[in-house]
Amino acid sequence: MEWARLMPLLQSVDLRLAAAASALVLPLIILLALRWMIFLRQQKISVSFPTVAALTWAGQFFNSVLPGSTGGDVVKIMQICRLVPDRKPEAASSVILDRLTALAALAGLALFG
């Protein structure tokens with residue numbers, strides 16, 4: 001990383017656009033949590049929405065920080081399995097189905113584009 005080149009880049013950022021993008025993070029997390037709740041309910045796993053939203057937020061954090069984009073899914077699987085230890089296969093499959101649904105939607109957008 002060339003730190004000397006970072007400061008001019010940061011100074012050129014449009015703060016209004018950066019603020020608008022940052023404001024969309026919370027609605028995004030809520031929508032992602034709602035989508036995962038659908039799969040949890042299909043598996044008859046009862047977890048409160050605040051818990052699912054918190055796990056979704058943690059998953060997005062790890063997806064952003066770790067290399068690749070599956071670290072957050074591993075965190076979500078581990079945490080949901082701790083919450084429902086008697087339903088581990090169903091809990092893990094809900095995360096995997098959630099990820100596959102997102103990939104299918106992305107593929108659909110790519111085909112449309």
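Predicted, not measured: the structure shown is a model, and the values here were computed from it.
Across all non-hydrogen atoms, the minimal contact from Ser94 to Leu40 is OG-CD2, 3.3 Å. Minimum heavy-atom separation, Val13 to Ala18: CG1-CB, 4.0 Å. Taking every heavy atom of both residues into account, Thr51 and Ser48 meet most closely at OG1-OG, 2.9 Å.
Distance check, rounded to the nearest 0.5 Å: CD1 of Ile45 to CZ of Arg41 gives 12.0 Å. Interatomic distance, OG of Ser22 versus CG of Leu15, reported as 10.0 Å (0.5 Å rounding).
Contacts of Thr101 classified as side-chain hydrogen bond (donor to acceptor under 3.5 Å, both in side chains), with partners at least two apart in sequence or in another chain: none.
Within the structure, salt bridge (Lys or Arg N to Asp or Glu O under 4.0 Å) contacts touching residues 28-39 (residues at least two apart or in different chains) are Arg35-Asp98.
Using a 4.5 Å cut-off on side-chain heavy atoms (C-beta onward), Leu34 and Phe49 make contact. Side-chain contact between Gln42 and Phe39 is present, with at least one heavy-atom pair separated by less than 4.5 Å. Put simply, the side chain of Leu26 reaches to within 4.5 Å of the side chain of Trp57, judged on heavy atoms.
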N/O donor-acceptor pairs under 3.5 Å from side chains in residues 75-92, not counting sequence neighbours:
{"unit_1": "Arg87", "atom_1": "NH1", "unit_2": "Gln43", "atom_2": "O", "d": "3.4"}
{"unit_1": "Arg87", "atom_1": "NH1", "unit_2": "Lys44", "atom_2": "O", "d": "3.0"}
{"unit_1": "Arg87", "atom_1": "NH2", "unit_2": "Gln43", "atom_2": "O", "d": "2.5"}

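Val25 and Phe61 fall into different hydrophobic clusters, defined by Ile, Leu, Val, Met, Phe, Trp and Tyr side-chain heavy atoms under 4.5 Å apart, directly or through other members. Cluster membership check: Leu32 does not share its hydrophobic cluster with Leu97, using side-chain heavy-atom separations under 4.5 Å among Ile, Leu, Val, Met, Phe, Trp and Tyr. At a threshold of 4.5 Å between side-chain heavy atoms, the hydrophobic network of Ile, Leu, Val, Met, Phe, Trp and Tyr places Leu10 and Trp3 in one connected group. In terms of hydrophobic clustering, with Ile, Leu, Val, Met, Phe, Trp and Tyr side chains grouped at heavy-atom distances under 4.5 Å, Phe62 and Val52 are assigned to different clusters.
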**OP:** List the steps and the verdict of side chain to side chain donor-acceptor pair (under 3.5 Å) for Thr56 and Trp36.
**Re:** CA-CA 8 Å; Thr56 301; Trp36 187 23; over 6 Å; no
